[in-house]
Structures are given as structure tokens and as C-alpha cells.
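Take a look at the structure below.
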Amino acid sequence: MIKKPEIRSYPSLPELSFAAAGFIAELAEAKIKERNIFTLVLSGGSTPRQLYKELARQAISKKIDWQKTHIFWGDERCVPSDNPDSNFSLAFQILISRVDLPPSNIHRIPAATGSAKAVAAEYEKTLREFFQPAAESDSSISFPSFDLVLLGMGVDGHTASLFPGDEALEERTSWVVAVEGTSASPPVPRVTLTLPVINEAKCVLFLVSGSNKLKVLQEILNNPHTATYPAAHVQPSGNLLWFIDEGLA
Ligand code: 6PG
């Protein structure tokens, strides 16, 4: 049974971003109250830029206990950190460098340390060590459950670095895989969380803006059972929300 997503529409990307920042701050407060930790997966691309700015603004930032917030990435381009295409670089400049986040709470994808395959294996190791500390290694978990996974969507319906027709979409065991990314923009090797990990999240929040995504978005939201786009396969056991701008509603 596919859970019905919650769709919230806003007049503009700035208003969408402001609302998303408020949503995240409230969720962080609730999760930290509940379990003394908030695990947040950031997305890449350009849409979340304004959101990250809003999260760094005092009005919102002061509501989030950054000491108990852990930051991860849904995907990364295999480029050096100082490359403007780096998802880490985007988030670091706009958000992470502006809030009181302990370095040990930043769990980046080490994109420039080797081949995409090696980076994927390294990141999976990082996640396993975080979510399944050695002490509890007898109670092995199939997949980690993040409190919130932020996602964008490309005009081709890709999300994270899960692209149409890519074998990464079929991965059902690994937590993190390498992607050639030849059809992506920029066309560089990438590393991405897999669908089982994304779908294990307690909450997934898509941020989608731009009329060039309207047709794909309508297909996904109107035909959740038959749509074949990668973003359509995000059907988390937790909550699924789409924050969209009115040009898409
Ligand atoms: C990436 C992103 C990707 C992004 C979409 C939308 O690393 O490319 O994670 O999935 O969210 O491509 O990108 P825009 O927000 O720039 O439209």
C-alpha cells in the first residue's frame, strides 16, 4: 500500500524554502526531544540553496540543537571539495560554516579520496559504524533509518544520483553505490544512497521548483503506482512530503 504523500504548494521558491526551514526546525526539535539526536540527509543541486540559507539564519538556526544534529549527504559528485559542483561545498559555504555544528557531526561523502566505487564503500562503512556501532554488531540492521532525507528532482525525474535506467535503481542490498553519471549534469561519477536506504527514512521531503519539472511531477503525483521515474520509487515507510512552487501545482 503506497502511503499518500503530503503536498504543500508555495507562491515562490523563497517562500517554499522558508517553510521548509521551519518544518525542519520543528522536526529536529521533536526528534531531539524524543531520542536526543536528529539525523538529516542533505540533497544537492541548486534548489536547496535558499533552504540552507534559511536554516543558517538566526531566527531558524537558534531553534535547532546543532550539537545533537548529524548531517549526511544523499549523493555527491566525485569532484574536489573546492569544485562548485560539490554538494558538500554548497552546503558547507551556505549552512555548515555558519552554524555551531561539531565537526564530528558532519558525515560527508569523501568524494575526492578515490574511485567512485571506493568512495561508495567508504561512505557505507561510515554509515554502518554510525548506525550500528560495533558494540551492537550482533543486532545487524538491514538499512539505516534517517530522521529526514531531503531530496530534489531533476527534469528527467532523477533524485539523489539515481538516474532513469541506471542499475543503481535496482540495488536492494548496498546502502551506497557508485554511479557513472554520464547522463547527469555535470556528467561526472557520483555516489548515492540507494532506494532501500531512502525508503527506510522516517521522513522524506522533496523540494521541487521550476515549471520545467511540471510534467514529470504531475505524472509521479497522479500515477504513483505506475510512474517509472526514479523519484516515483521513493515510497518511504515514514512520511513523504513534497514542497513545490505554485508553478507546479
Ligand atoms: C545532485 C542532486 C540532484 C538534484 C536534482 C535537482 O547531486 O545533482 O542531488 O538529485 O537534487 O538534480 O537539481 P536542481 O535542484 O538543481 O534542479
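Given the structure is predicted, the values throughout are model-derived calculations rather than measurements. One-based numbering, in listed order, for ligands and for the atoms of each. FYI, side chains are in, hydrogens and waters are out, and symmetry mates aren't considered; it's all heavy atoms of this structure.
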At a 4.0 angstrom heavy-atom cut-off, ligand 1 is contacted by Gly44, Gly45, Ser46, Thr47, Asp75, Arg77, Asn87, Gly152, Met153, Gly154, His158, Thr159, Ala160, Arg190, Lys213
With sequence neighbours left out, the residues meeting side chain to side chain donor-acceptor pair (under 3.5 Å) with Ser61 are Trp66
In terms of heavy-atom contacts, Val179 and Ser161 come closest through CG2-O, 3.4 Å
In terms of heavy-atom contacts, Arg172 and Pro196 come closest through CA-CG, 3.7 Å
Please tell me whether Gln93 and Ser89 have a donor and an acceptor in their side chains that are separated by less than 3.5 angstrom. yes
query: So, Lys215 and Glu219, do they make that salt bridge, N to O below 4.0 Å?
result: no
Does CD in Glu246 sit with more than 12 non-hydrogen atoms of other residues, nucleotides or ligands closer than 6.0 Å?
yes
